[in-house]
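Contents: one structure, followed by commentary.
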Amino acid sequence: QVQLVESGGGLVQAGGSLRLSCGAANGRTAMGWFRQASGKEREFVAGISWNGGSTKYADSVKGRFTISRDDAKNTMFLEMNSLKPEDTAVYYCAAGTFWGVEIRTGAYDYWGQGTQVTVSS
């Protein structure tokens, strides 16, 4: 069983930065960040393989967001820069028992409770 706890969300002005963290216990798995805006489906943001060797990003965040993991601390991060109002959403971290990077929500076995990110214009 993997328990995920996100933190770091909040309110920021457009152009600002936030850093999300996801603490994971009991395992070393591939992980990802997803987001869900009000009235929309949950979408892939970024993913990282079990050993950190591979990463993948949604086109909408490429060049602005960086995913990383510190396995010594059992923590995954999402560094978000140049934030835009359209980045406003609840952000979820997820973990899956596979080696690489998956963009499908259904591939992930464990999910955090979500953290709100609001970007004002």
- Task: Enter the distance from Thr66:OG1 to Tyr57:OH here, rounded to the nearest 0.5 Å.
- Result: 4.5 Å
- Message: Any heavy-atom pair between the side chains of Phe65 and Asp87 that's under 4.5 Å?
- Response: yes
- Query: Same hydrophobic cluster for Met31 and Val2, using side-chain heavy-atom links shorter than 4.5 Å among ILVMFWY?
  - Reply: yes
- Query: Under 4.5 Å between any side-chain heavy atoms of Tyr108 and Phe34, yes or no?
  - Reply: yes
Compile the donor-acceptor pairs under 3.5 Å between side chains in residues 38-45 and protein atoms, sequence neighbours left out, one pair per line.
from, atom 1, to, atom 2, distance (Å)
Arg42, NE, Gln36, OE1, 3.4
Glu43, OE2, Arg35, NE, 2.7
Glu43, OE2, Arg35, NH2, 3.3

- Taking only residues two or more places apart in sequence, or in another chain, which ones meet Ser68 in a side chain to side chain contact (heavy atoms under 4.5 Å, CB included)? Phe77
- Cluster overlap Val61 with Ile48, hydrophobic side-chain contacts below 4.5 Å: yes
- Item | Sequence neighbours excluded - salt bridge (Lys or Arg N to Asp or Glu O under 4.0 Å) pairs with any residue from residues 8-22 | Arg19-Glu79
- Item | Heavy-atom donor-acceptor pair, Arg64 side chain to Ser82 backbone, under 3.5 Å | yes
- With the 4.5 Å side-chain cut-off for hydrophobic clustering, are Met76 and Tyr110 part of the same group? yes
- Message: Return the CD to OG1 distance between Gln116 and Thr88, rounded to the nearest 0.5 Å.
- Response: 7.0 Å
- Note on the structure: When rounded to the nearest 0.5 Å, the distance separating OG of Ser121 from CD of Gln13 is 9.5 Å
- Query: Who are the side chain to side chain contact (heavy atoms under 4.5 Å, CB included) partners of Val117, not counting sequence neighbours?
  - Reply: Leu18, Leu20, Met80, Tyr91, Val119
- Query: Under the salt bridge (Lys or Arg N to Asp or Glu O under 4.0 Å) rule, what pairs show up with a residue in residues 104-121, not counting sequence neighbours?
  - Reply: Glu102-Arg104
- Item | Gly114 to Val90 - nearest heavy-atom pair and separation | CA-CG1, 3.8 Å
- Message: Test of understanding: clusters of I, L, V, M, F, W, Y form through side-chain heavy atoms closer than 4.5 Å, transitively. Do Leu4 and Leu78 belong to the same one?
- Response: yes
- Assess whether atom CD of Gln113 is packed by more than 12 heavy atoms of other residues, nucleotides or ligands within 6.0 Å. yes
- Determine which pairs satisfy disulfide (SG to SG under 2.5 Å) with at least one residue from residues 43-76, sequence neighbours left out, and list them in order. none
- Message: In this structure, would Tyr92 and Leu83 fall into the same cluster of hydrophobic residues linked by side-chain contacts under 4.5 Å?
- Response: no
- Note on the structure: Tightest non-hydrogen contact, residues Val101 and Ser54, listed as CG2-O, 3.6 Å
- Task: Look at Lys62 together with Asp59 and state whether they make a salt bridge at an N to O cut-off of under 4.0 Å.
- Result: yes
- Task: Measure across Ser21 and Thr75 and return the closest heavy-atom pair with its distance rounded to 0.1 Å.
- Result: CB-CG2, 4.2 Å
- Query: Stepwise, does the side-chain contact (heavy atoms from CB on, under 4.5 Å) test hold for Trp33 with Cys22?
  - Reply: CA-CA 9 Å; Trp33 287 99; Cys22 175; 3.7 Å; yes
